[in-house]
Amino acid sequence: MNNGCIPTKTLLHTADLYREMTNQADIIGLDYQALSFDMKKMQLHKQDVIQKLREGIAKLMKMHKVTIIKGCAKIVGEHEIAIQSDEKVENIEVKNILIATGSVPAMPQIKGAELTINSDELLNDENVYEQIAIIGGGVIGIEFAFLYASLGKRVIILEALDRILANMDKEFAQSLKMLLSKRNVEIQTKALVQEISYNEETKKYNCKYLQKDAEYIISADKVLMAVGRRAYTQNLFADDLSIETDRGKIKVNENYQTNIENIYASGDVIGGIQLAHVATAEAINAVCYMLGRVPIYNMKLIPSCIYTNPEIASIGMTLDEAKAQGINVKTIKYPMGANGKTVLSLQERGFIKIIVDKETDCILGAQMMCAHATDMISQFTQAIQQELTLADLQKIIFPHPTFNEAIGKAVE
Ligand code: NAD
């Protein structure tokens with residue numbers, strides 16, 4: 001709640017509105033005297049949203065008789081936790097422990113890396129930089145690129161691999177690249193950052209990077225380091241407690257149990273897919289295992305959502321993944337330019353792609369890049385979970401006009 005999904009999406013919401021008003025107000029018949037944004041107010045609004053949601057969760061905790069102890073916890077024995085708050089240390093005895101301490105931004109061994117800002121810090125920054133360089137074209141880098149671009153600022157992304165969002169369907173990267181270049185975002189791929197330095201005269205940061213054996217330097221008012229997040233376990237265990245880890249991540253078995261039977265772990269701290277909804281599902285499944293119950297969630301079907309504009313969402317197999325597994329598939333692609341709601345609300349062109357097993361007609365995957373994609377993807381998650389066929393989806397009547405009806409048109 002404090003650092004991540006809700007705060008980022010709150011700022012992105014304001015930035016998207018600002019961009020839409022700036023670019024489209026005139027077209028859709030709105031007139032205003034002057035439009036500007038105020039990052040201080042945006043931050044206040046963000047805090048307000050966090051506070052409201054936090055209070056709601058606190059109420060739920062109370063209702064379910066969950067005791068919250070505020071302090072810094074250290075696991076000192078298999079069944080014992082020491083909690084430090086202010087100068088006091090209180091020890092409690094417990095039956096089971098679930099570690100859900102999450103992750104922190106990773107800092108690579110690059111000269112001058114300490115001069116950069118990380119995403120947790122930038123999320124709370126009341127300054128807006130005229131030009132920002134982003135190291136890493138993963139999900140965090142791309143979402144911040146959209147935030148800054150929507151506020152009319154210049155962005156340069158430096159990505160080490162040959163495309164941004166490297167672990168997603170390559171069509172997303174291709175479409176985003178075109179879209180971002182229209183919004184004053186420069187993307188440099190295969191760019192290996194060598195050094196970051198600060199120039200006292202120009203008051204700018206310089207990023208030196210290697211690309212195809214040539215050396216380049218770009219300068220910016222701030223450099224965001226977004227090259228991944230690492231498990232957070234600092235001071236979590238007493239020295240004599242040996243919890244197995246793998247490159248800093250807590251090792252767990254398929255039941256989320258660590259090498260100590262009654263200590264479980266879930267979320268970013270165990271690595272894997274670092275997403276809030278995955279962390280929640282893992283935690284709930286872990287508690288099911290603790291209580292000897294059947295786990296609730298199917299961890300094989302995990303939606304990915306990126307809050308760009310238009311949004312990106314993906315579930316199940318991509319075409320490349322299906323091909324790699326030797327499955328005979330067909331791809332259905334529907335352009336959102338033919339969807340009424342997309343046209344009337346002046347959305348960017350996007351697409352819906354459905355991967356279908358040719359032999360069984362079952363839906364195997366879907367990739368969407370369009371307005372409200374993150375809300376709509378669950379329809380495909382359900383279809384895959386319930387092994388629905390294309391013919392099953394064709395029976396559904398979708399309301400008109402909606403973004404959702406594009407799914408109906410695609411399967412039609
Ligand atoms: P990431 O792993 O998604 O991307 C990091 C990128 O940095 C990669 O593309 C990598 O090739 C690149 N990189 C690494 N070292 C580099 C270097 N020295 N120079 C240039 N590029 C370099 O990590 P992230 O974007 O920091 O996100 C961290 C985690 O948080 C991810 O697991 C992500 O899925 C999650 N997250 C998800 C959402 C969402 O789902 N909407 C939002 C924010 C974060």
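Remember, it's 1-based here, ligands and their atoms both numbered in the order they're listed. Starting from 1, each residue takes its place in the sequence as its number.
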Between the side chains of [X] and [Y], does any donor sit under 3.5 Å from an acceptor?
X	Y	result
Asn118	Asp120	no
Asn298	Gln385	yes
Lys46	Asn124	yes
Gln43	Gln47	no
Gln367	Glu171	no
Thr189	Glu159	no

Shortest protein contact, [atom] (heavy atom only):
atom	value
atom 15 (N) of ligand 1	Val227 CG1, 3.5 Å
atom 7 (O) of ligand 1	Gly136 CA, 3.3 Å
atom 21 (N) of ligand 1	Ala160 N, 3.1 Å
atom 43 (C) of ligand 1	Ile140 CG1, 3.4 Å
atom 2 (O) of ligand 1	Gly228 CA, 4.2 Å
atom 4 (O) of ligand 1	Gly138 CA, 3.3 Å

Any heavy atom of [X] sitting closer than 4.0 Å to ligand 1?
X	result
Cys305	yes
Ala191	yes
Pro108	no
Ile135	yes

Check: Would you say ligand 1 has an N or O under 3.5 Å from any N or O of Glu143?
Finding: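 Checking ligand 1 against Glu143, an N or O pair does fall under 3.5 Å apart.
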Check: Counting both backbone and side chain atoms, is some N or O of Val139 under 3.5 Å from an N or O of ligand 1?
Finding: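 Right, the criterion is met.
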Below 4.0 angstrom from a heavy atom of [X], which ligand 1 atoms are there? Numbered from 1 as shown, please.
X	result
Leu158	20 (C), 21 (N)
Leu161	11 (O)
Ile110	18 (N)

Requested in this report: Give the ring-plane orientation class for His372 versus Phe403, where under 30° counts as parallel, over 60° as perpendicular and anything between as tilted.
Outcome: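 Parallel, since the angle between the ring planes stays under 30°.
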Between Tyr18 and Phe37, what is the ring plane arrangement, given parallel below 30°, perpendicular above 60°, and tilted in between?
->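 If you compare the ring of Tyr18 with that of Phe37, the planes turn out perpendicular.
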Check step by step if salt bridge (Lys or Arg N to Asp or Glu O under 4.0 Å) holds for Glu348 and Arg183.
CA-CA 12 Å; Glu348 289 284 348; Arg183 298 190 190 171; 3.2 Å; yes
- Is it the side chain (CB and beyond), the backbone, both or neither of Ile142 that lies under 4.0 Å from ligand 1, heavy atoms counted?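 Neither part.
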Check the surroundings of atom CG in Leu344: do more than 12 heavy atoms from other residues, nucleotides or ligands lie under 6.0 Å from it?
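More than 12 heavy atoms, drawn from other residues, nucleotides or ligands, come within 6.0 Å of this atom.
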Around atom CD of Glu121, are there more than 12 heavy atoms of other residues, nucleotides or ligands at under 6.0 Å?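 Above 12, so yes.
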query = Taking atom 6 (C) of ligand 1 as the point of reference, which of Gln109, Gln188, Glu159, Arg163 owns the nearest heavy atom?
reply =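 Selected option, by shortest heavy-atom distance: Glu159.
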Considering only heavy atoms, which of Lys190, Gln274, Met225 lies nearest to atom 31 (C) of ligand 1?
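Result: the heavy atom closest to atom 31 (C) of ligand 1 is in Gln274.
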